[in-house]
Amino acid sequence: MTMTTAAGPALRALADRVGIIPEYRDQTGREMRTTSDETRVALLAAMGIDASTEERAQQALDRMADEERAELLEPVRVVPLREDAGSIEVAMRVGAANGPLEWTLELREEGGRVHRTEGRGTADGDGRLYVALPGRPELGYHQLRATVRTSEGEQVAEQSLIAVPPACPSPEELLKGQRVFGITANLYTVRSAKNWGIGDFGDLAALLRWGASVGASFVGVNPLHALRNSGWDVSPYSPVSRLFRNPIYIDVEGIPGYAQSSAVREIVSTAQFRAELARVRASDRVDYERVMALKQPVLRALHGAHLRGPRSRNPEWRQWIESGGEALESFATFTALSEHLGRDGDGSGGGEGSWRDWPAEYRDPRSKAVRRFRELHDDEIDFHRWLQFVIDQQLAIAAKSAKGAGIAIGLYQDLAIGTSPNGSDLWTYPELFVRGASIGAPPDPYSATGQNWGLPPIDPRALKRQRYQYWIGLIRSSMKHGGALRIDHVMGLFRQFWIPEGKSGSDGAYVRFPSEELLGILALEATRAGALVVGEDLGTVPDDVPPAMRRWRLLSSKVLYFERGDQGSFRPASSYDRSALATANTHDMPTLEGFWRARDVELRRKVGLIESDEIAAKARADRDGEKRALLEALTGEGVLSHDVAAELSRGDASPAARATLRGAVHEFLCRTPSALVGLALDDIVGEGEPVNVPGVGHDRFPSWTRRLSMPLEELATDPAVAAALRCSRSAKTNPHQ
């Protein structure tokens, strides 16, 4: 039989069934881009579906239909519990059964309570039997067991029934109607007298206390996800794991037993150690490898004391290990294996490279070789478990410190959109992730071929088959010890732009995600944590996203740089959304000081993002217009005097005037109706250099390494900080204003 190239109705129906969107509107809002059949075939192949011909596409469609008909219950169901709703109906797929059926439903609630009901019924014309759920469950994760008996036999199925609230907690509920501000910081940039060349959890606790002293209600930080901390694998948005955190942030001197350990004293008292510590502390850049080289031997010495101590009699440790489960065991095993096998899998060490380069027997976390490795290297694996335990304890101490200082929200954490293709999450859950495609962004005026972020997508069908356990774990771990969570690129919960391997963004397509179910679980975990949720919804936003965010009560992101009128004017403060977090910028944008001095234009020219001096001159001229528009907005709002505006307009403004400008911007943001305002620590201090230049490699710009020029200890007394830290929302008076 002759095969024909797939380019027909079966291919398109199959692509639609798995969520490949046939077309999308580009960033200009004027042009529709159509998904090609070639892209459909490539993305289906990445999902493990052969649609290379129309016949094979039809066969795949038929298999999916057969599999669906054979399921008595869907593997998972997310049900919002609304007060005005009646009983919850259960649909069982019983097929074309003849005559009445006997059925039993048993609902086992998360808390252990069991409801049971049974009866007889007849399938509807669609082959389903509809019955009411026994009892109304509480919010939580429950198990539903269905049994159907016919003359042909008995069929049994189980479903994870997730009962969720209709929305996330609102600022009105948690803040009693108050509009508040907070400090946003990249923790790795923080400089202090105590830290070892990178901001740590001790600094975070101090930052929370300082924030509380100036009236802030939260401190937001970059994603704290686990990284390799070597080479250029240091982006917080391309982590080894989103489920676990980075040990580089551990405050080593804050670990119990540090001061009493003779082994530690022997390490830290050497001249070589002291010289190296002084060097990383003085550096303007975070040297992740050197910092970890300093911390590792001390951490291992302290872990040795932990091993020798009464671990088995420590209920906190025992309980924590049990709660981590297989996910913690796999992450610790992966990390130990990475260090053991090294870059090329030859045992040379180094912890770099991809697990796909390991010997075949170690690529499967469930293999006999991996089990044997666990037996032989239990102490090493325990070390990585213990590091996560220490992180959890230190974050808990920071959160307690914030609560004791009276800070309303406390820690505001950040969840990255994806994970590194070489990370432990892919090794642990290979069935979840798509191979042969990457997450990215479609073509836009800044990039004619789009952006490929190199992040492997999660297959939404596989996520549902897994009953959303990975998503539940992500949200739960990200919200632990915090009062707010930012979801990076929240549109990824609705659709993601997938680029086939070897292709550019021009050949990509959007893939739908089960947003209502993902948002329902998010609302459940946020309710349990008592946390607000902010969705980073910048850029081109599909029409269905804003109403869904409002319905689920996710706060939007409003950035001063983007809040512009048709002629480039800055929108008045009163025009900002109430249900939003308002900020001047983000980690991908210039700081206020960098914006004012056009430092970002200089950098973009230097790294090749601006192709010529003529284009750079045009960009600087455009920036001059933006600066004039900003001064007009600030003076019009009454937050900046005309005298200071005149000085700033001359182009030779003093550092004091520029600090006053930053304070005026912050006061402008604090006058908006937005529920939350975030003031960047970079802008409070007056940093001119960005932390990230998107779209370029580390060979052209060392993103994610820049440290603050001002130590944490000087924040309370520096006059420029006092001038920049203006916010009329402050519940306390800044003594330096």
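None of these values were measured; they are calculated from a predicted model.
Taking R700 as the reference, nothing meets the salt bridge (Lys or Arg N to Asp or Glu O under 4.0 Å) condition, with sequence neighbours excluded. Looking at residues two or more places apart in sequence or on another chain, you find a side-chain contact (heavy atoms from CB on, under 4.5 Å) between A509 and I20, T35, T39, L43. Scored by the ring pair (Phe, Tyr, Trp, His ring centres under 6.0 Å) test, F494 finds no partners at all (sequence neighbours excluded). In this structure, Y468 has no ring pair (Phe, Tyr, Trp, His ring centres under 6.0 Å) partners at least two apart in sequence or on a different chain. Every ring pair (Phe, Tyr, Trp, His ring centres under 6.0 Å) that W453 has, sequence neighbours left out, goes to H489. Listed by chain and residue number, nothing satisfies the ring pair (Phe, Tyr, Trp, His ring centres under 6.0 Å) test with H115 (two or more places apart in sequence, or in another chain).
Under a 4.0 Å N-O distance rule, the pair R128/E89 does not qualify as a salt bridge. Electrostatic pairing of E110 and R528 counts as a salt bridge here, judged by a charged N lying under 4.0 Å from a carboxylate O. Classification of R69 and D66 as a salt-bridged pair holds, one side-chain N sitting under 4.0 Å from a carboxylate O. Under the 4.0 Å criterion applied to side-chain N and carboxylate O atoms, E106 and R145 are not assigned as salt-bridge partners. Between D16 and R40 there is no salt bridge, since none of the side-chain N atoms of the basic residue sits less than 4.0 Å from a carboxylate O of the acidic one. For the pair E71 and R77, the salt-bridge criterion is not met [side-chain N within less than 4.0 Å of a carboxylate O]. Using a 4.0 Å cut-off between charged side-chain N and carboxylate O, K464 and E517 make a salt bridge. Using a 4.0 Å cut-off between a side-chain N of Lys or Arg and a carboxylate O of Asp or Glu, E361 and R372 do not qualify as a salt bridge.
In this structure, a donor-acceptor pair under 3.5 Å is present between the side chains of E516 and W552. R242 and T419 share no donor-acceptor pair across their side chains, judged by distance under 3.5 Å alone. Side-chain polar atoms of S506 and R33 form no donor-acceptor pair below 3.5 angstrom. Between the side chains of D414 and N222, not a single donor N or O lies within less than 3.5 Å of an accepting N or O.
When each of F244, Y362, Y429, W358 is paired with F334, the ring pair (Phe, Tyr, Trp, His ring centres under 6.0 Å) condition holds for W358 and for no other.
Ring geometry, H587 versus W704: the interplanar angle falls from 30° to 60°, so the pair is classed tilted.
Scanning all heavy atoms of the two residues, the minimum distance from L455 to I417 falls at CD1-CG2, 4.0 Å.
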